[in-house]
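Numbering of ligands and ligand atoms starts at 1, following listing order. This one's a predicted model, so the numbers in the text were calculated from it and none came from an experiment. For the single chain, residues carry numbers from 1 onward in sequence order.
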Amino acid sequence: MAVIIDGREVAKKIKEELKEKVNELKEKGIYPKLAVIMIGKDKASEIYVRNKSRDCDYVGIEYEEFFLEESITMETLLNLIDELNKRDDIHGILLQSPIPEHLDIRKAFNKIDYRKDVDGFNPINVGKLLIGEDTFIPCTPLGVIKLLEQYNIQIEGKNAVVIGRSNIVGKPLSQYLLNKDATVTVCHSKTKNLKEITSKADILISAVGKPKVITRDMVKENAVIIDVGINRTPDGKIVGDVDYDNLLDKVSYITPVPGGVGQMTRAMLINNIIKAAEGK
Ligand code: NAP
């Protein structure tokens, strides 16, 4: 039977360690603070933002929210980011996505000072990840690697297959795995013979966003399965990308959804805010 990777437990442990770090910073007169920008109304984003504020409260990080009207101009958004870049009391800036279509999210990410870019989406930080320099790794990829490390799952030399090539999950995760000396294959919607590739994976990571896209016949015996996907079923349940129940007796490790990667993503945001406040 597979070991169920308990993201909730690992995230809890990490948050306790991070709480200590916040206290140490405060003793030095540094009060870590996050600015969150949210534009318009989006149910899912509202939940994410609420969770982020709870996490900040829990570890003692200060928090300032900027709720902007859906109709704002790009200029207003860029001016706000500029102002936050200049404020010494703000260490991290987070722009909650999605943002309305008339706004250019890339331009906005480019504007966030790379030293306050706790999401790791600014091209300077993306480039640093590519060349293997210390940087802000996007929260979900960082959370996945931390989970593997907490369970002492070897990455070096392993065949890692990542399904999904988004800028926020698939691409940075593939690069980070490569930096950790895995042999990495990236798959996407145009990949031919997906099953042939996934069945060779020692570590299989799905970041697709479709339920049961990974089935029993697609995985190798004793593989490690990391499910990044978050999908809502018609009856309102949250499920991942993986046919979880049918994989349990075939694989060595597996993450549940919920209770896996999602919890780690949240903890890694706290990690990155502290990193920004430390000026590292
Ligand atoms: P995305 O931007 O929609 O990317 C999905 C990727 O999956 C794309 O690269 C797409 O290929 C690929 N794909 C789609 N259908 C496929 C198929 N049948 N076979 C192989 N590849 C396929 O999504 P995302 O933002 O990366 O997020 C992915 C999932 O992770 C979503 O469910 C999201 O909710 C979840 N997520 C979870 C967390 C967390 O903390 N757990 C964080 C972020 C996201 P193309 O590039 O060719 O279109």
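Contact annotation for M264 and ligand 1: no heavy atom of the residue comes within less than 4.0 Å of the ligand. By the criterion of a heavy-atom distance under 4.0 Å, neither the backbone nor the side chain of V257 is placed next to ligand 1. Contacts of D241 with ligand 1, taken as heavy-atom pairs under 4.0 Å, are absent altogether. Only the side chain of T265 comes within 4.0 Å of ligand 1, counting heavy atoms alone; its backbone N, CA, C and O stay farther away.
Using a 4.0 angstrom heavy-atom cutoff, A207 counts as in contact with ligand 1. Ligand 1 lies out of reach of G170, whose nearest heavy atom is not under 4.0 Å from it.
The distance from ligand 1 to the heavy atoms of V169 drops below 4.0 Å at these ligand atoms: 26 (O), 43 (C), 44 (C). The ligand atoms of ligand 1 that sit less than 4.0 angstrom from a heavy atom of I168 are 25 (O). Within ligand 1, the atoms closer than 4.0 Å to a non-hydrogen atom of G164 are 6 (C), 7 (O), 9 (O), numbered from 1 in the order shown.
Considering backbone and side-chain N/O atoms, I230 comes within less than 3.5 Å of an N/O atom of ligand 1.
Of the charged side-chain nitrogens involved, at least one lies within less than 4.0 Å of a carboxylate oxygen, so that D134 and K275 count as a salt-bridged pair.
Looking only at protein heavy atoms, the nearest one to atom 41 (N) of ligand 1 is V228 O, 3.3 Å.
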